[in-house]
Amino acid sequence: MTSDLPGPGSRPPTEPGCPWRAGTATGVGSYPGNDPAEALRIVLGELPELPHLPELPARGPGADLTGRTAGLLIDMPVRVEPSGWRFADRPGRDTQRARDHLARDLDVLEEVAGGHDGPFKIQVCGPWTLAATIELRGGDRALKDPGAVRDLAASLAEGVAGHVADVRRRLPAARILLQLDEPGLPAALAGTVPTASGFDRLRAIEEPVAEDTLRTVIETVCADDAAYPLVHCCARNVPYGLLRRAGAKAISVDLRLVPERDDDAVGETIDAGTGLFLGAVPATGTVLPSLRATGEPVRGLWRRLGFPPARLARQVVITPACGMAGASPRYVRDVLERCRDTARMLYEAAE
């Protein structure tokens, strides 16, 4: 299905520095199935204003959030254990599988979307979620060891910088948005990440440490305007201020998990000109709510915060609530269409 939205030339630019146009929708990352070409064609057809590189975790280890990004690490190979991903002494089959999946996806990207000349989003796992999900050789999570976290962040920054450069070579006319997925960051800050045994919790990470680590990755990867950085956090207690100070130019959240107590933090984020990717459409299910019901929580948030309606369409991007790996292919198309229609409705209402 293709969009009937006005062409790019008919839309005004958004807030200064934002690479998307008013009334835009996009996806979060993951999709069902194992055919990267088919998934990318669906994304390009349904989300032409801001498409992204689909992730297909159904292909198995190395295509999942952690394994896909771990394959980008420099000099830090990983392997799959019954408990999950763990650092290894040398690259092996599991590391190679992750790299092969991504290489295939990038070849498909160049073949199917090489001429794309607008914004285009790619996604990787952020340093704190990676540290909370990869184990050290002894079995403890990397999050437990500050030195391991520093090494991991440096390796990640170098590897993702190379990944961004590769994507830019394949999409020479596109503006790359880099999404760092950090669903595990709130738990790391709260000290609720379980130890390897599951009987205890790892110590809480101090906010300045979390901020500095994330900033290191963002500044390294996005130096010289190589990419536009945003952070996705589909969890409660999103640390909006920390993410902004670390360099995120947009923040992606599940709108259902944004309580009114976060209004001040969200308002400060909007006031600072930071983009908001709002997950307004259920990522799984069988029947979607009406278009009006989909858009009302977005409008309700904006009314509570007191910002002009016209600013909503310029600063907000509509997305599914989270990834859609568990959805049916038919539902995925419905969700993407609903995201696009909701963004258009909000844009037209502000005119």
Side-chain angles (χ1 to χ4, degrees), residues 28-29 65-66 69-70 72-74 76 84-85 87 123-136 140-161 164 177-196 200-223 227-254 257-259 261-262 264-269 272 274-277 279 322:
V28 172
L65 176 63
T66 298
T69 301
L72 294 171
L73 295 175
I74 304 299
M76 297 187 78
W85 288 96
F87 288 118
Q123 306 83 219
V124 299
C125 190
W128 290 107
T129 299
L130 209 59
T133 52
I134 298 182
E135 298 174 348
L136 301 170
D140 290 314
R141 297 175 191 263
L143 188 64
K144 182 178 181 179
D145 184 339
V149 172
R150 286 193 296 271
D151 292 344
L152 175 60
S155 174
L156 176 66
E158 184 180 353
V160 176
V164 168
L177 283 70
L178 173 68
Q179 175 180 304
L180 293 171
D181 289 315
E182 282 286 18
L185 178 56
L189 292 169
T192 58
V193 177
T195 58
D200 202 355
R201 298 291 181 268
L202 297 178
R203 61 176 181 81
I205 303 301
E206 296 180 356
E207 282 206 11
V209 174
E211 180 184 324
D212 287 347
T213 300
L214 190 56
R215 182 186 301 109
T216 295
V217 174
I218 289 175
E219 290 183 348
T220 300
V221 177
C222 300
Y228 179 97
L230 66 113
V231 176
H232 171 68
C233 186
C234 54
R236 300 185 186 276
N237 302 316
V238 175
Y240 295 93
L242 183 158
L243 299 180
R244 291 200 325 273
R245 293 189 300 271
K249 294 185 178 179
I251 298 173
S252 173
V253 299
D254 182 344
L257 303 182
V258 180
R261 68 172 182 272
D262 282 356
D264 287 346
V266 176
E268 290 169 0
T269 297
T274 306
L276 274 181
F277 285 46
C322 200

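These numbers were taken from a predicted model, which means no experiment stands behind them. Hydrogens, waters and symmetry mates are skipped; everything else that's a heavy atom, side chains included, is used.
- In this structure, CG on Asp151 lies 12.5 Å from CG on Leu156, to the nearest 0.5 angstrom.
- Residue Asp262 holds its CG atom at 7.0 Å from CG of Asn237, rounded to the nearest 0.5 Å.
- With values rounded to the nearest 0.5 angstrom, Leu214 atom CG is found 10.0 Å from Glu219 atom CD.
- Annotation: the span from Leu202 atom CG to Thr192 atom OG1 amounts to 9.5 Å, rounded to 0.5 Å.
- Smallest separation of non-hydrogen atoms from Gly279 and Asp254: O-OD1, 3.8 Å.
- Contacts of Glu158 classified as side chain to side chain donor-acceptor pair (under 3.5 Å), with partners at least two apart in sequence or in another chain: none.
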Would Val193 and Ile205 satisfy side chain to side chain contact (heavy atoms under 4.5 Å, CB included), going step by step from the backbone distance to the final call?
CA-CA 10 Å; Val193 177; Ile205 303 301; over 6 Å; no

Just do the side chain to side chain contact (heavy atoms under 4.5 Å, CB included) check on Thr69 and Trp85 with the steps written out, would you?
CA-CA 11 Å; Thr69 301; Trp85 288 96; over 6 Å; no

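- Remark: side-chain polar atoms of Arg201 are not paired, donor with acceptor, to backbone N or O of Gly191 under 3.5 angstrom.
- Side-chain contact between Val149 and Arg141 is absent, with no heavy-atom pair separated by less than 4.5 Å.
- The side chain to side chain donor-acceptor pair (under 3.5 Å) test applied to Thr133 returns Thr66, not counting sequence neighbours.
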I would like to know whether Leu130 and Leu152 meet side chain to side chain contact (heavy atoms under 4.5 Å, CB included); could you show each step before the answer?
CA-CA 8 Å; Leu130 209 59; Leu152 175 60; 3.8 Å; yes

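- Within the model, atoms OH of Tyr240 and SG of Cys233 stand 8.5 Å from one another, a figure rounded to the nearest 0.5 Å.
- Pairing each heavy atom of Val231 with each of Ala248, the nearest pair is CG2-CB, 3.8 Å.
- The shortest heavy-atom contact between Pro127 and Val217 is CG-CG2, 4.0 Å.
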Residues 178-187, side-chain donor-acceptor partners within the protein, below 3.5 Å, at least two apart:
{"from": "Gln179", "atom 1": "OE1", "to": "Lys121", "atom 2": "NZ", "distance (Å)": "2.8"}
{"from": "Gln179", "atom 1": "NE2", "to": "Val28", "atom 2": "O", "distance (Å)": "3.1"}
{"from": "Gln179", "atom 1": "NE2", "to": "Asp181", "atom 2": "OD1", "distance (Å)": "2.7"}
{"from": "Glu182", "atom 1": "OE1", "to": "Thr129", "atom 2": "N", "distance (Å)": "2.8"}
{"from": "Glu182", "atom 1": "OE1", "to": "Thr129", "atom 2": "OG1", "distance (Å)": "2.7"}
{"from": "Glu182", "atom 1": "OE2", "to": "Trp128", "atom 2": "N", "distance (Å)": "2.9"}

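- When all heavy atoms of Leu189 and Ala204 are compared, the pair lying nearest together is O-CB, 3.3 Å.
- Contacts of Asp145 classified as side chain to side chain donor-acceptor pair (under 3.5 Å), with partners at least two apart in sequence or in another chain: none.
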One pair to check against side chain to side chain contact (heavy atoms under 4.5 Å, CB included): Val221 and Val124. What are the steps and the verdict?
CA-CA 12 Å; Val221 177; Val124 299; over 6 Å; no

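- Annotation: side chain to side chain donor-acceptor pair (under 3.5 Å) contacts of Thr269 (sequence neighbours excluded): Arg244.
- Within the structure, salt bridge (Lys or Arg N to Asp or Glu O under 4.0 Å) pairs that include any residue of residues 204-215 comprise Glu207-Arg245, Glu211-Arg215, Glu211-Arg245, Asp212-Arg215 (at least two apart or interchain).
- The heavy-atom pair separating Cys322 from His232 by the smallest distance is SG-NE2, 3.9 Å.
- Atom OG in Ser155 sits 4.0 Å away from atom CG in Leu73 (nearest 0.5 Å).
- The shortest non-hydrogen separation linking Ala196 to Asp140 is CB-OD1, 3.9 Å.
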